Amino acid sequence: MEIFIVGALIIFVLIYNKTIDTKKFVEDNQKYANKLMEEDYEFLLHAKYGDNVNVEELFKKRFMYAFLVAILFLFIFLSDLSLINVVLTFVVGVVMFKLPYFQLQRYYKQHLHEIDLMLPYYLKGLEILIQHYTVPVAIGRSIADAPDIFKPGLREMIEKINAGDSSIQPYMDFANEYPVRDSMRMMRLLYRLGLGGQEKKQERLLMFSKSVSSLQSKARETKYKERLEHMESLTHIMLIVTGVGVMLVIVMSMMHMF
């Protein structure tokens, strides 16, 4: 324990006096650290914090925090250094490094329901744009007013389309990133809207419009149901509290009489 305290103090003093420049250390090893970044890490950050998030800065802090925790654990085991303790230190470092990523994944899964309710209203705005523009142009113009959580996926889809991918894959990739109700079907309809002549476009736009209206109705029903359930739960709580209060008053009155 004494070794640990002395070691921690030494590290703190060296960092405080900038003898050890943690920022320079991270920047020098950034290219190696970036290889540890998960493929969907940037997407998850944008989904939680919006477009203005600094992905590289947050990843640096995440990496540095895990590294420092691993060093501290290494100092703890310094007096009894063994292969098991070294492996344990490595495991602790990996867990601390992965923990923020798992928290982002959990946040995204918890908010899939919210995404499910937002998608029909985004598609309704996109439908209006498609009446005046081609599908790729309409998608590009819709990004500015789209919910923040959709923007990374929309940008990625447009980049693939503009790069020459005329297949359905960019649309399916978007649907896979937002695996909510009917997202696959709506992306297929959206892809078909960009195919064929003007007559076919009008027919497919009508079908797309009906599907969007149906999704909006489901979203409204879901919101109404959730509000109703919330009001019912509040009513039940109020009744229980009132009942308990009445019983306490009766018990207190009986005790006073005796």
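Only this structure's heavy atoms are used, side chains among them; waters, hydrogens and symmetry mates stay out. Worth saying up front: this structure is predicted, and the values here are computed from it rather than measured.
- The structure places CD of E56 at 11.5 Å from CG of L45, a figure rounded to the nearest 0.5 Å.
- Residues L190 and I130 have side chains in contact (heavy-atom distance under 4.5 Å, counting atoms from C-beta outward).
- E127 has its side chain out of reach of L123: every pair of non-hydrogen atoms, C-beta onward, lies at least 4.5 Å apart.
- Linking Ile, Leu, Val, Met, Phe, Trp and Tyr whenever their side-chain heavy atoms come within less than 4.5 Å puts Y41 and F102 in one cluster.
- The same ILVMFWY cluster, assembled from side-chain heavy atoms under 4.5 Å apart, contains both V53 and I143.
- Distance check: M172 CE to M157 CE gives 9.5 Å after rounding to the nearest 0.5 Å.
- The heavy-atom pair separating A66 from G93 by the smallest distance is CB-O, 3.5 Å.
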Begin with the C-alpha distance, continue with both residues' side-chain angles, and end with the deciding distance and a verdict on side-chain hydrogen bond (donor to acceptor under 3.5 Å, both in side chains) for Q169 and D173. CA-CA 6 Å; Q169 194 57 45; D173 290 341; 2.7 Å; yes
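- Looking at heavy atoms from C-beta onward, V91 lies out of side-chain contact with V94 at the 4.5 angstrom threshold.
- The side-chain heavy atoms of M207 and R192, taken from C-beta on, include no pair separated by under 4.5 Å.
- No continuous path of hydrophobic side-chain contacts links Y191 to L129 [ILVMFWY only; heavy atoms under 4.5 Å].
- Side-chain contact annotation: Y101 with Q105, donor-acceptor N/O pair under 3.5 Å present.
- Looking at heavy atoms from C-beta onward, F174 lies out of side-chain contact with I139 at the 4.5 angstrom threshold.
- Atom CD of residue E42 and atom CG of residue L58 lie 11.0 Å apart, to the nearest 0.5 angstrom.
- E156 and K160 are joined by a salt bridge, as a carboxylate oxygen and a charged side-chain nitrogen come within less than 4.0 angstrom of each other.
- Among F150, Y122, Y171, the one residue that satisfies the ring-ring contact (aromatic ring centres under 6.0 Å, His included) test with Y178 is F150.
- The ring of F97 has its center closer than 6.0 angstrom to the ring center of F59.
- Not one N or O on the side chain of D165 forms a donor-acceptor pair closer than 3.5 Å with the backbone of I161.
- Nearest approach of R185 to S211, heavy atoms of both residues: NH1-OG, 3.2 Å.
- Counting heavy atoms from C-beta on, the side chains of K124 and S213 come closer than 4.5 Å.
- For the atom pair D116 CG and S183 OG, the distance stands at 8.5 Å (nearest 0.5 Å).
- With hydrogens and angles disregarded, no donor-acceptor distance shorter than 3.5 Å links the side chain of R62 to the backbone of P100.
- Heavy-atom contacts from other residues, nucleotides or ligands closer than 6.0 Å to OH of Y107 number more than 12.
- Looking at every heavy atom in both residues, P147 comes nearest to M118 through CB-SD, 3.9 Å.
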Given T134 and V137, is the side chain to side chain contact (heavy atoms under 4.5 Å, CB included) satisfied, shown in steps? CA-CA 5 Å; T134 62; V137 172; 3.2 Å; yes
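- Within the 4.5 Å cutoff, the side chain of M184 has heavy atoms near those of the R188 side chain.
- L44 contributes atom CG, which lies 11.0 Å from atom OH of Y49 (distance to the nearest 0.5 angstrom).
- Put simply, CG on L104 and CG on L99 are 10.0 Å apart, with the number rounded to the nearest 0.5 Å.
- Heavy-atom minimum distance, P136 versus I158: O-CD1, 3.3 Å.
- Judged purely by atom type and a 3.5 angstrom limit, S209 has no side-chain atom pairing as donor or acceptor with the backbone of L206.
- Using a 4.5 Å heavy-atom cutoff, the side chains of L189 and V212 are not in contact.
- The nearest pair of heavy atoms linking L154 to S142 is CD1-OG, 4.5 Å.
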